[in-house]
Chemist: 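Sharing a structure below in structure tokens format, with a few things to ask.
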Amino acid sequence: MGTTDLKPNDPAIDPATGEYRVIAPGQTFRSITEKIAGIVLTPTTPLGWLALFGVAGAGATMLLVAVTWLFLKGTGIWAVTQPVAWGFAIINFVWWIGIGHAGTLISAILLLFKQGWRNSINRFAEAMTIFAVVCAGMFPLIHTGRPWLAYWMLPVPLTMNVWPQFRSPLMWDVFAVSTYATISVVFWYIGMVPDFGTMRDRSQNKVAQYLYGLASLGWRGSVRHWMRYETASLLLAGLATPLVLSVHTVISFDFAVAILPGWHTTIFPPYFVAGAIYSGFAMVLTLAIPLRKFYHLEALVTERHIDNMGKVLLATGFIVAYGYGMEIFMSWYSASHWEAFMMWNRMFGPMGWSYLVLVTCNLAIPLTTLWSRKLRTSISYMFFISILVNTGMWFERFVIIVTSLYRDFLPSSWGTYRATKWDYMTYVGTLGLFTALFLLFVRFLPMIPMSEIRMMLPGAKITAKTTAEAGD
Amino acid sequence: MAQIFDRSSNALARASLVLTGLIVIALGVTLDQLQRSPWVTRQGQRPDQPVPFSHKHHVQGLGLQCQYCHVTVEKSSYAGIPPTKTCINCHAQIWTNAQLLEPVRSSWATGESLAWTKVHDLPDFVYFSHEIHVNKGLGCASCHGRVDQMPLMYAENTLQMEWCLNCHRNPAKNLRPTGEIYNMAWEKPAEDRPVWCAAGDGKTGVPTAQSVSCTTKDPSGAGAEVASLELPLGGAHGQAGDVAAAALPVAPVYKRFTSQDELGHFLLDHYKIRTPQELTSCEVCHR
Amino acid sequence: MSNHENGPMSEKSKKQSTPMTLVQVREQLKGVKGKRYWKSVDELADTAEFQAAVEREFPHAAQEWVDPVSRRGFMKLMGASLALAGLAGCTKQPDEPIYAYVKQPEDLILGKPMYFATAHPFVTGAVPLLVKSDQFRPIKIDGNPEHPYNQGSSDPFTQGTLLDLYDPDRSQHVTYRGENREWAEFAQELRLKVAGTKDGTGIYFLSSTITSPTLARQWKAVQAAYPKATLVQYDPAIAGTSVANGTSVQYSLADADVIVSLDADFLSGASYPGFHKLVGDYAARRKDPEKLNRLYAIESTPTTTGLKAEHRLGLRASEIPAFAAELAKAVGANGAEGTGYNWTDEQKKFLAALAKDLKAHAGKSAVIPGLYQDPSVEVLALAINTALGNVSKTVLVPHEPAIPLPSDQIADFKALVADMNAGKVDWLVILNANPIYSAPADLEFAAAFDKAKMVAHLGSHLDETGQISHWHIPAAHYLESWSDARAYDGTVSIVQPLIDPLYGGRTAHHVFQTLLNEPMVSPYDAVRETWKSTIKGDFETGWRKALHQGWVDGTAFDKAAKASVDAGFKGAVPAPSPKDALEIIFRPDPNVYDGRWSNVGWLQELPKPVTSLSWDNAALVSGATLTKLNLEEDDIVELSVNGRSPRRVKAPVIVVPGHPDNSVTVHLGYGREFAGRVGSGAGFNAYLIRTTDAPFYATGSIKKLDGKWGLAVTKSHFQDHRPKLFGGQGNGNNSLEADEAIGERGIIRYATLDEFKANPGFANEGETHPKTDRDNTLFPNWEYKDNAWGMSIDMNSCTGCNACIVSCYAENNIAVVGKQQVRIGRNMQWLRIDTYFEGDLSAPRAHFQPMACQHCENAPCEQVCPVGATVHTPEGLNMMAYNRCVGTRYCSNNCPYKVRRFNFLLYSDYETESLKLLRNPDVSVRSRGVMEKCSYCVQRISAAKIEADKDNRAIQDGEIVTACQQACPASAITFGNINDKQSRVAKLQADGRSYQVLADLNTRPRTKYVAAVLNLNDELAEAPVEHLPAKG
Amino acid sequence: MPPREGTYGLLAEFDTPGDLVRAARQARLDGWRRLDCYTPYPVEEAAEAIGFHRNKVPLVTLVGGLMGLVAMFLLEMWISVLAYPLNIGGRPTYSWPAFIVPAFEWTILFAGLSAAFGMLALNGLPTLYHPLFNAPNFRDGATTDKFFLCLEALDPKFDLVETRAYLTSFQPVSVVEVEY
């Protein structure tokens, strides 16, 4: 990709590579530190923040209402029925978990691949992961008929002497998701410890000093500590990588292990993981673009990041496309009537519209346009695409779950699925919860890892080198 | 810039970390104990009853048979709570104006039932059948304890699923000759307390109760009369009582047992007790 | 399971005969451990509550009762949730009381049921019963296995009457102008009034058809005393039929090789006389392909009878008499001549082939006329049978009518209304009838009603008539009172009560008796009196025998009935209505009959045969007619019948495959206003357009109105518009479901007789007919050593009558969920009957497949349950431990047969007291958030095992009978131990025709289906069909 | 133990990592052993300069991971084969392929936790109070943009005056004495 379509004397362009810089020129250790810490340490909360938090809070409250009613009445307030016994709850579960994955991918896999540009976005990507997992983890619990008995899924010694049944993918979920949540939180926290140190030292307010001080565990930047810290981070990254792959693989098992046409397929694990990353990066964009604008972080989250994420979208998008293609191909190649009918029904059955939405949002628009760097670096377009992909990926889960279930083996028991207002309230509610948590995060925690940004500044080079070449 | 934290805070911080861990563990242990505690299971508790009925007095003192009151224990899943009439049978003559028995008399007069409080109270989704247990050589005392020594009734055991399974997984350790079902004082065989048992002629279709004949007296050379010792006391529980040896076509060959394990497995075979796998299957208790 | 095991019946019957007071009933209930009784911590027997409940009027609105979403309030939900949490076993149980008896009945063994023989007195013939009673509560109704007539089988109506008994909306007080009174006051007033008239002038009785010989005897006595007193019988469903006229003829199909139905729906339910016997005989001939009979059906509305038939011809109702005449002519029946009606070639062909086949089977055939046809059809049928020499072979003409007082009900009723309008009616006593609701519209009965000076109404409910009558007397249910009745074959059964009247109800016996010399004679004594002469030998012995075995010896019609009947056809055959005229056909509803069972939730929720419609009736039309009137399904239309002052009614429209064009079928019995919380407001009232001159079919018109009705149809039905590429049939005429089920999926497998002879193993051959290969497994097969329970269902016998489903309701405490829940697919029936319409939907062949849990050995549901709530037992049952279930519903998703049912809401009624009496104490009542499904009646298996284990013996074949098997009139269901090679089920499963549904999934179902074999007439053989196994 | 009194060490402040590394390397060459560098971000060269190469975190992680793996797999086996063996859809009680997934997850879980907490433990964190925080310029710089070299009093070569002179020879921004 040449520099032809770029303005030659744009300071944001690195003349050596013709790429956008990962960090705009002219930044120093102190400037970025003050920039990032400042966002948190300023005593005045921006009005925009307050307004948005109000909206998000309302959403979260709606979730609370919906779930309370659910516990009192039973899952029957949702649209779930025979034969479609899983609905929005599981769709949202898979969707949220998927979104989470991009965070881990950025913080772990890109770290292993030494992709310096991930540094400026990995912190809030991880935060996104954790909040997404919070939203996701809620669903398997509340979608059960008797949530108050969920502890039966844990291997604890009860007077019944009955134990969990480990052949069930749902049991695998329990362990996969809980592990994923724990490791993500730990990874996230450990990553923040040095920055907490900085916050402790930068804040003027006693309470803040005390709290950040506690959180920093008394970090003082000894190089010995730094070395162990680096090792631990690498190990965690090394562990999180197979973990993140396993988590969505396990979730795909919920379907792949079942015998239902449209579920029972070996392609699900890779195709789910790719899909997860696809939707995850879309969500990162959805968050990053407003953030950089609102907090004027253009210097740290540059077009370069947007561009790279666009490329990731393109790549994962094609893997997903391959998945869809393979499903169609196999439904013919397998010569299995079940598969053939499932595919016909999915595309042309009464719920064919959902498949159309999915193809439009996930394939048709993104995979054709993301080739153009101009569009990839057009902030507004990328925002639009990110929304589009999020929608598309939600519908992918809808298609997989609903359109496989509502017409399965026995034609006599075919049915249909019509979401109720409680379904929508619960879904929108989680969006609110997610946003609220995220807003709290950007207000009270450093949303960009300062220590890692410092490493990329020209000043960090020991050997005297003049160009502000950093990162890649 | 000065210190934020005091010198002591290092020790405090580390201590609190350890403490948190300990608290979590302690909590787990507590819950685990709580679910088995009498507070939850009511084990050993004596609820208030309309009449402070003493099994000790009636069984040990007066020697009433269990079945005199619990009539359907061999015929039905439900052992049976005696109707007021059963009390009146005797108390029309004795203790006719004891204050304690006022509720019984008023029940008899008004026709209003006595409202006892359940002592052995299984959850409603558990289907327990007395008849099969009694007919397969499980004594009353095995589950209900020494009722004959209980002035006021209480639950000897937790009646929790793990307790049921404990026996269903290894019935042999609680089996006894059906003739001894109602024998509260029955103790497991031992060197100084041997039991002699003889299998029936082994033809199929013989009711469990008659498939084995047992005695606690040495039957050697005295089959018939020993057997007569084994005759059920009164016809009240003929089914569970062992058949007289004389009734068997050939004089039975008695085998001497000095341990519950041997006896248990002998009875396991001849009473045709189902396998642990079958006995621990869900539908045995839940429908 | 027979009544013998409880020792001599006589004592029980004696005890039953001495009336129990409510106090005593409660007494007995109190002796019971809460668990034995109903299953919830807050639901132990409590006198105060029970008393209150019995006294209480139930103020809930209908929808509220059946739709839990709107039923329970916030706090109740809280409570419920907590109670459920309690069941988790991690919280304390509350103290539970035990109420001991004061005096315990000697022969009562708490926890062991007793069985009593009685009979369900139904207008088309009594159904002999053996009723299971738990602590003197009837909890399960089944046919009397030893009775020659129904041999243990029953039907949906009979099964439903159990819930009718415990219906909380039954009226509970004698009222006069709305005020509570005593029965004695009424009896007194009536007796004085009648006595005052000397000869009974102005005294009228309007009764539903009298089926009890004793009641008839009592009436004759009344008439003797008061010659001017008038009795009018009127039963909307049978007025004007051969049943009411007492001219009905009996058929014994055991020896019939060819059966022709002239609009006779004798396979789908008890609304046709002799249903149980006819189905039994028909089905018996379907078991062995060597002995197959052949059924032709000419019918005006699609019924299971027609859809089961080898050859079916759909004609409009008015064409059928003409067709019958043509047929009579063709077989040379005496006095029959053609009508010159211009038949289509297809119809001509059918007629010719049929006539030929009939003649070829003279003496071994039977032509059965429709109950709801023009009288000429009945006569013609008899003429044909006579001509074929079937009479006294397959056709019996009894000397005496099956009902004691045959009459022309319509004429009588007209006369009554005339007298009322003329003001001649001083007292009108209505006995178990609801004329305000069901009277023919043209009589304006309501208007006439006001002219009657005094109206008394004896009825089980405060229904439309009861609401406006001066006097209302609660009627006793047949399980609460003594009576007698005759079965189809004439055998008399004594109707003995199982429980004392819950609400102090009275019977027609009481009413008539009050007018006689000894007014205090009880129905019990009256019934004994009636049979004094009949019972030979010592009366007491004979009486006890009758009660014990369930019938009175020597009362059956003698088989050697009139051999030579004068069956020449005289008179004319009504000409068919013009081809373009729209006919409206009236039929009693297959579920609620004439409306008497509107408040029986089981029957309301039960999907109707053929239409799978639940909770409503509808205007049934053919697809072509729908298009012609450019309507869509579920549209609201206005139906009106031609004639003086045409009347209108709003109805939803629905398509039925195979319905004749230009013809609409409407079912009676819906649109009740005062049925109760369940039935009120369901469907529309077809009586409003039904007139005396055209009671069964009339011409009329249909008009589209705005809006949709919102019908609850439990089965999806799409047309197959798929192009060949996707395996479709191309044309959109076929049913998508059927194309799939019969085609590639091999769910329905059948062959014609020729194909079967050529290839007996057809059911398990070919690509689309896979079978399980036991060695095809990755891991070792699980061995089932001792017992291995299995089921076999004969697709050739099943007529889709639904009896099994209602029986399952009663046995397994299945909840009624309400229309709204059914609409979104949440009905809870453990057993359903899948109906597939094969071929062109304008003239389809249907396949009825009872579908319940298949108890797969490799159960997909079990593998995915995270808590092991559903596991396999060592005997191969797929067991569901409700109290372990957390409700992930994963099992339901993974069940290829979709037979699992989930309590999405709190469906089970834990509150209504009278329903608690109904529950089967051996089955947990499932609460909210729990999965449930068919258990092969595990409670019966366990009971049998305990009995067998006590005697150290194996369980014998036939010792365990599942509820569905017990009810099935076609004995299509067989259950037993497949490890015992001698058992009937093992033999059936070994049969070459037995196949497993979805065998290619290797789920290894324990339920196998015996593929149907059709005995087609080659001359009418259809175009080659797709069911031929694809060789490969 | 009673709080230590006196001097903890001398703290030299530098502006660039380069200066720090140079100074540290020199100090080590001159035989200093009790010394440490403090930087706002990881500076490997500085660690090497003061002779810090390998650490035990990987070992801890490995052990933790293995523990998780074994623990879960044994638990699954015990539950399905011994504790309450049930016929689940005809599957063998020992369905090892199904057991792999949870065992794998616990491997990751235990390894991850060991890595994180192992690291903290080895670093002796939390240490909320540390003498260095007494240095006036430390907290403002060490976590932002300054680079520190600390020669500790425990080192036998340490002498308040000489060491200060010695540090000054590296032209640091400043040299301050750090009290306990």
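All values reported here derive from a predicted model rather than from experimental measurement. The chains referred to below are lettered A, B, ... by the order of the sequence lines, with proteins before strands, and numbering in each begins at 1.
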Chemist: Could you tell me which residues satisfy side-chain contact (heavy atoms from CB on, under 4.5 Å) with Val284(B), sequence neighbours excluded, listed by chain and number?
Modeler: His168(B), Ser281(B)
Chemist: Apply side-chain contact (heavy atoms from CB on, under 4.5 Å) to Asp269(B) and list each qualifying residue two or more places apart in sequence or on a separate chain.
Modeler: none
Chemist: Do you know which two heavy atoms are closest between Ile946(C) and Ile132(B), and how far apart they sit?
Modeler: O-CD1, 3.9 Å
Chemist: Return the NZ to OG1 distance between Lys785(C) and Thr275(B), rounded to the nearest 0.5 Å.
Modeler: 8.5 Å
Chemist: Could you pull out the closest heavy-atom pair between Gln104(C) and Ile81(B), with the gap in Å?
Modeler: OE1-O, 4.5 Å
Chemist: Looking at OG1 of Thr873(C) and CD of Glu283(B), how far apart are the two atoms once the value is rounded to the nearest 0.5 Å?
Modeler: 4.5 Å
Chemist: For chain C, find which of Asp121(B), Ile273(B), Leu31(B), Leu114(B) contributes the most heavy-atom pairs closer than 4.5 angstrom.
Modeler: Asp121(B)
Chemist: Using a 4.5 angstrom heavy-atom cutoff, name the option from Ala115(B), Pro83(B), Pro82(B) with the most pairs to chain C.
Modeler: Pro83(B)
Chemist: With a 4.5 Å limit on heavy-atom distance, are the side chains of Asn952(C) and Ser211(B) in contact?
Modeler: yes
Chemist: Which atoms form the tightest heavy-atom contact between Lys950(C) and Glu74(B), and what is the distance?
Modeler: NZ-O, 3.6 Å
Chemist: For Thr72(B), is it the side chain, the backbone, both, or neither that has a heavy atom closer than 4.5 Å to a heavy atom of chain C?
Modeler: side chain
Chemist: If the condition is side-chain contact (heavy atoms from CB on, under 4.5 Å), which residues does Val867(C) pass it with, not counting sequence neighbours?
Modeler: Trp152(A), Met153(A), Cys865(C), Ala869(C), Arg884(C), Val886(C)
Chemist: Can you see which heavy atom on Asp922(C) is nearest to which on Arg287(B), and at what distance?
Modeler: O-CB, 3.8 Å
Chemist: With a 4.5 Å limit on heavy-atom distance, are the side chains of Ile109(C) and Glu131(B) in contact?
Modeler: no
Chemist: Can you name the nearest heavy-atom pair linking Met879(C) to His286(B), along with the distance?
Modeler: CE-O, 2.8 Å
Chemist: If you check every heavy atom in residues 935-945 of chain C against those of chain B, which residues fall under 4.5 Å?
Modeler: Val938(C), Gln939(C), Ser942(C), Lys945(C)
Chemist: Please look at Ser129(B) and chain C and tell me whether the side chain, the backbone, both or neither of the residue comes under 4.5 angstrom of a heavy atom of that chain.
Modeler: side chain
Chemist: Answer with side chain, backbone, both or neither: which region of Asn812(C) has an atom nearer than 4.5 Å to a non-hydrogen atom of chain B?
Modeler: neither
Chemist: Is there a donor-acceptor contact under 3.5 Å from the side chain of Tyr101(C) to the main chain of Lys85(B)?
Modeler: no
Chemist: Under a 4.5 Å cut-off applied to non-hydrogen side-chain atoms, are Lys103(C) and Trp108(B) in contact?
Modeler: yes
Chemist: For a quick test of reading the model, state the closest non-hydrogen atom pair linking Val102(C) to Gly111(B) and the distance between them.
Modeler: CG2-O, 3.5 Å
Chemist: Donor-acceptor check, side chain of Lys136(B) to backbone of Asp949(C), threshold 3.5 angstrom: yes or no?
Modeler: yes
